[in-house]
Amino acid sequence: MRSSLMKLARRLLFVAAIASALLASTPALANYVEHRSTDQSGNTYWLSCGSSAGDSFFKCPAGGGLCEDQGSLGAHQACIDAGYYPAEAN
């Protein structure tokens, strides 16, 4: 009986580890993405609105690769200005 409880505990721990790994690696999905600019080096800058991770700016390197999150400061207002969200009433 004790060995069956140990097997059950190991299985539960394994399932919990797999579930947490899947949740940690879940990508953020955006409803609206807008190209904002390109710098002299060829890097592109993007605005992401309605994302599961929140509104944000991203920089994508000219040579390809992963885009870098540049933060969310001003991103919500930029999304409003882009027409993604209705203008907030004052």
Side-chain angles (χ1 to χ4, degrees):
M1 171 113 174
R2 185 172 185 151
S3 67
S4 64
L5 286 176
M6 290 297 287
K7 286 181 183 179
L8 178 61
R10 285 184 190 152
R11 285 184 186 158
L12 288 174
L13 184 60
F14 178 73
V15 168
I18 295 296
S20 64
L22 287 174
L23 289 175
S25 65
T26 302
L29 302 175
N31 290 323
Y32 177 79
V33 177
E34 177 181 283
H35 176 257
R36 302 294 280 186
S37 65
T38 302
D39 65 18
Q40 293 177 348
S41 300
N43 300 314
T44 56
Y45 296 85
W46 300 83
L47 169 65
S48 170
C49 303
S51 167
S52 57
D55 302 331
S56 190
F57 293 105
F58 289 89
K59 172 185 171 186
C60 297
L66 295 176
C67 297
E68 301 172 17
D69 187 347
Q70 298 292 296
S72 60
L73 185 63
H76 183 69
Q77 184 61 49
C79 290
I80 292 171
D81 296 344
Y84 179 74
Y85 297 112
E88 295 176 357
N90 292 332

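All values below were derived from every heavy atom in this structure, side-chain atoms included, with hydrogens, water molecules and symmetry-related copies excluded. Sequential numbering from 1 along the given sequence is applied to the chain's residues. Computed from a prediction, not measured in an experiment: that's the story for all the values here.
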Chemist: So do the side chains of Thr38 and Tyr45 get within less than 4.5 Å of each other, counting heavy atoms only?
Modeler: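 A side-chain contact is absent here, since even the closest heavy-atom pair is not under 4.5 Å.
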
Chemist: Mark yes or no for whether Ser51, through its side chain, and Ala53, through its backbone, hold a donor-acceptor pair below 3.5 Å.
Modeler: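 Indeed, once roles are kept as given, a pair shorter than 3.5 Å links the two residues.
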
Chemist: Between Asp69 and Phe58 (side chain of the first, backbone of the second, donor and acceptor by atom type, cut-off under 3.5 Å), is there such a pair?
Modeler: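 Checked: no pair found.
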
Chemist: Has His76 got a side-chain atom pairing as donor or acceptor with Ala78's backbone, closer than 3.5 angstrom?
Modeler: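 No, His76 side chain to Ala78 backbone: no donor-acceptor pair under 3.5 Å.
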
Chemist: Say whether, by atom type as modelled, one donor and one acceptor occur between the side chain of Ser48 and the main chain of Phe57 under 3.5 angstrom.
Modeler: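 The answer is no, because no donor-acceptor pair under 3.5 Å joins these two groups.
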
Chemist: Taking all non-hydrogen atoms of both residues into account, name the closest pair between Ser56 and Gly71 and its distance.
Modeler: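 Heavy atoms of Ser56 and Gly71 come nearest at OG-O, 3.0 Å.
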
Chemist: Apply the side-chain contact (heavy atoms from CB on, under 4.5 Å) test between Thr44 and each candidate in Lys59, His35, Arg36; give the one that qualifies.
Modeler: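 Checked Lys59, His35, Arg36 against Thr44; only one passes side-chain contact (heavy atoms from CB on, under 4.5 Å): His35.
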
Chemist: Test side-chain hydrogen bond (donor to acceptor under 3.5 Å, both in side chains) on Asp55 and Tyr84 and set out the steps.
Modeler: CA-CA 11 Å; Asp55 302 331; Tyr84 179 74; over 6 Å; no

Chemist: Does Ile80 share a hydrophobic cluster with Tyr32, counting links as ILVMFWY side-chain heavy atoms below 4.5 Å and allowing steps through other members?
Modeler: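 In one cluster: yes.
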
Chemist: Specify the closest pair of heavy atoms between Leu47 and Cys79, including all atoms of both residues, with the distance to one decimal.
Modeler: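 In this case the closest contact between Leu47 and Cys79 is CD1-SG, 3.8 Å.
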
